[in-house]
Amino acid sequence: MNITVTRKLAQRLIEAQGVALSGQQLADDFGISRTAVWKHIKELEEQGYQIISVKKKGYILAGLPDTLEPTAIQAILKTKRLGRSIHYIESCPSTQIIAHQLAQENTSDGTVVMTEEQTAGRGRMARRWHSAANKGIWMSVILRPDVVPQKAPQFTLVAAVAVVRAIEQVTGLKPEIKWPNDILLNGKKCTGILTELQSDADGIQALIIGIGLNVNQVADDFDPEVQNIATSLKMESGKEIDRKELVSSMLQFLEQYTDLYIEEGFGILKLLWESYSSTIGHPVRARMAKETLEGIAESITDEGVLQLRTADGKLHGIYSADIEMTS
Ligand code: BTN
């Protein structure tokens with residue numbers, strides 16, 4: 001079975017928006033027999049596409065599968081650049097690794113790497129990221145912003161705002177951001193963001209924003225070691241969530257907010273970030289590589305640095321840490 005023809009056929013059915021496509025016409029267009037068209041239709045049905053066959057009229061698409069294949073996402077995507085090119089792999093060690101390779105090969109701004117399963121997903125601070133097959137969104141977005149390297153750290157906070165807005169829009173849930181960019185629901189983590197940079201003497205070559213979003217897992221899908229700190233959108237909403245809708249919404253907000261950041265600076269986005277923050281104004285413990293500090297998380301600076309005031313009145317700038325709420 002020619003997979004490219006199957007994909008192209010899916011795209012034609014999606015683009016037809018509920019209008020019947022004649023089997024003969026499809027056969028002529030793809031240069032194959034009507035029986036071959038029928039076999040591709042059966043293949044799509046096996047993948048979860050709902051296709052109605054109407055006598056003398058042809059094939060009508062009645063429903064899309066829960067897949068993150070480019071055709072399914074791009075059929076609903078409203079962005080200009082982000083996700084216009086999607087590299088989709090059924091399974092891979094980590095989308096970050098592939099995105100780094102693509103970024104070195106001059107792939108275009110907005111390219112997305114998407115997979116159904118990661119076998120060696122990477123988290124912040126060299127941790128492992130659990131990425132169950134077909135249950136979450138594991139993707140890396142390659143951006144090539146024309147900004148000075150000092151403006152890079154805020155992109156990760158901008159990405160967190162884009163993700164919470166998308167979760168709210170698609171599910172109605174009320175996520176919070178734990179500094180810098182963990183996304184929590186009822187105090188448990190549902191999303192992690194890992195931003196990596198490729199730069200040289202000329203400045204930023206690429207920003208690679210890796211997003212791991214737990215969507216349709218149930219408790220048993222998580223490794224025992226993270227079961228009491230992780231959650232999924234399904235566990236919190238009680239509903240199966242359409243992953244394509246979430247990807248489309250995230251990419252739309254990410255495009256809108258990164259453009260806003262590049263054009264207008266961090267001001268409005270900082271306010272938005274703070275409005276979703278579970279950290280600001282609260283007593284926290286910040287565990288860093290060499291020391292642990294306790295105090296009140298007062299604010300973030302325009303550079304995204306957390307301002308922590310300890311009991312002795314001193315204000316500390318925290319650049320990277322694990323944050324725990326202490327009350
Ligand atoms: C964190 O530690 O909170 C960040 C987790 C980031 C996970 C995502 S999943 C897609 C991309 N590929 C990876 O290997 N990691 C990121």
Side-chain angles (χ1 to χ4, degrees), residues 82 123-124 136-137 139 141 143 151-195 207 209-215 229-237 241 243 245-286 295-309 317-327:
L82 268 61
R124 284 173 62 230
I137 295 170
M139 72 172 181
V141 182
L143 298 180
K151 289 193 92 176
Q154 293 89 331
F155 276 93
T156 195
L157 304 174
V158 172
V161 178
V163 175
V164 288
R165 298 280 285 137
I167 293 175
E168 260 184 338
Q169 186 182 62
V170 174
T171 67
L173 291 166
K174 294 278 164 236
E176 290 183 316
I177 307 173
K178 187 176 83 161
W179 184 87
N181 53 18
D182 284 351
I183 295 170
L184 310 181
L185 285 165
N186 291 320
K188 289 187 172 183
K189 182 158 165 175
C190 68
T191 309
I193 301 173
L194 175 68
T195 304
L207 263 171
I209 303 182
I211 300 174
L213 208 166
N214 300 328
V215 185
I229 51 167
T231 190
S232 74
L233 305 187
K234 179 175 173 171
M235 285 160 72
E236 299 301 321
S237 66
I241 307 292
R243 293 180 303 156
E245 293 287 346
L246 259 173
V247 170
S248 162
S249 175
M250 268 195 291
L251 292 177
Q252 202 181 342
F253 280 118
L254 194 58
E255 182 169 283
Q256 184 188 338
Y257 292 155
T258 50
D259 284 353
L260 180 68
Y261 172 53
I262 293 165
E263 282 156 26
E264 313 255 330
F266 192 47
I268 297 171
L269 290 155
K270 184 175 141 180
L271 289 177
L272 258 178
W273 186 94
E274 282 173 347
S275 73
Y276 286 104
S277 166
S278 65
T279 316
I280 303 305
H282 293 278
V284 298
R285 184 176 299 122
I296 305 289
E298 280 198 354
S299 59
I300 53 166
T301 65
D302 285 349
E303 288 72 43
V305 179
L306 183 70
Q307 300 292 98
L308 183 88
R309 196 172 298 276
I318 312 279
Y319 290 82
S320 174
D322 261 344
I323 300 293
E324 273 168 47
M325 312 296 279
T326 51
S327 76

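FYI, the numbering just counts along the sequence from 1.
Heavy atoms only, all atoms of each residue included: K270 and D302 are closest at NZ-OD1, 3.2 Å. Heavy atoms only, all atoms of each residue included: E298 and R309 are closest at OE2-NE, 2.6 Å. Residue T195 comes nearest to L207 through the heavy atom pair CG2-CD2, 3.7 Å, listed as atom of the first residue, atom of the second, then distance. Taking each heavy atom of T279 and K178 in turn, the nearest pair found is OG1-CA, 3.5 Å. Between L306 and A297, the closest heavy-atom pair is CD1-CB, 4.1 Å. Between A286 and I323, the closest heavy-atom pair is CB-CD1, 3.7 Å.
Remark: the backbone N or O of K151 is paired with a side-chain donor or acceptor of Y261 at under 3.5 angstrom. Under the 3.5 Å distance criterion, the side-chain polar atoms of S275 are matched with a main-chain donor or acceptor of L272. Between the W179 side chain and the G304 main chain, a donor and an acceptor come within less than 3.5 Å of each other. Looking at Q307, its side chain never comes within 3.5 Å of a backbone N or O of T301 through a donor-acceptor pair. The backbone N or O of E245 sits nowhere less than 3.5 Å from a side-chain atom of S249 that would complete a donor-acceptor pair. Checking side-chain atoms of R243 against main-chain N and O of G136 turns up a donor-acceptor pair under 3.5 Å. Here the side chain of E255 pairs a donor or acceptor atom with the backbone of L82 at under 3.5 angstrom.
At least one side-chain heavy atom of P283 sits less than 4.5 Å from a side-chain heavy atom of I296. Considering only heavy atoms from C-beta on, L233 comes within 4.5 Å of L246 through its side chain. No side-chain heavy atom of T171 sits less than 4.5 Å from a side-chain heavy atom of E236. In this structure, I280 and W273 have side chains that are in contact, with non-hydrogen atoms separated by less than 4.5 Å. T191 places none of its side-chain heavy atoms less than 4.5 Å from the side chain of P175. Side-chain contact check for I193 versus I183: some heavy-atom pair is nearer than 4.5 Å. Put simply, the side chain of V247 does not reach to within 4.5 Å of the side chain of L213, judged on heavy atoms. When side chains are defined from C-beta on, D182 counts as touching R124, because their heavy atoms get closer than 4.5 Å.
In this structure, CZ in F266 is found 10.5 Å from CG in L260, a value given to the nearest 0.5 Å. Between atom CD1 of residue I167 and atom SG of residue C190 there is a gap of 4.0 Å, rounded to the nearest 0.5 Å. How far OG1 of T258 is from CD of Q154: 13.0 Å, rounded to the nearest 0.5 Å. Separating the CD1 atom in I211 from the OG1 atom in T156 is a distance of 9.0 Å, to the nearest 0.5 Å. Rounding to the nearest 0.5 angstrom, the gap separating the CD1 atom in I241 from the CG atom in L173 is 6.5 Å. Taken to the nearest 0.5 Å, the CZ atom of F155 stands 15.0 Å off from the OH atom of Y257.
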Next item on the list: Take L269 and L157 through the test side-chain contact (heavy atoms from CB on, under 4.5 Å) and record every step on the way to the result.
Entry: CA-CA 8 Å; L269 290 155; L157 304 174; over 6 Å; no
Checklist line | Working for side-chain contact (heavy atoms from CB on, under 4.5 Å), residues F253 and V161 | finding: CA-CA 8 Å; F253 280 118; V161 178; over 6 Å; no
Check: Would K188 and I229 satisfy side-chain contact (heavy atoms from CB on, under 4.5 Å), going step by step from the backbone distance to the final call?
Finding: CA-CA 5 Å; K188 289 187 172 183; I229 51 167; 5.8 Å; no
Next item on the list: Report the C-alpha separation of M250 and I137 in whole Å, then their side-chain angles, then the decisive distance to 0.1 Å, and conclude whether the side-chain contact (heavy atoms from CB on, under 4.5 Å) test is met.
Entry: CA-CA 11 Å; M250 268 195 291; I137 295 170; 3.9 Å; yes
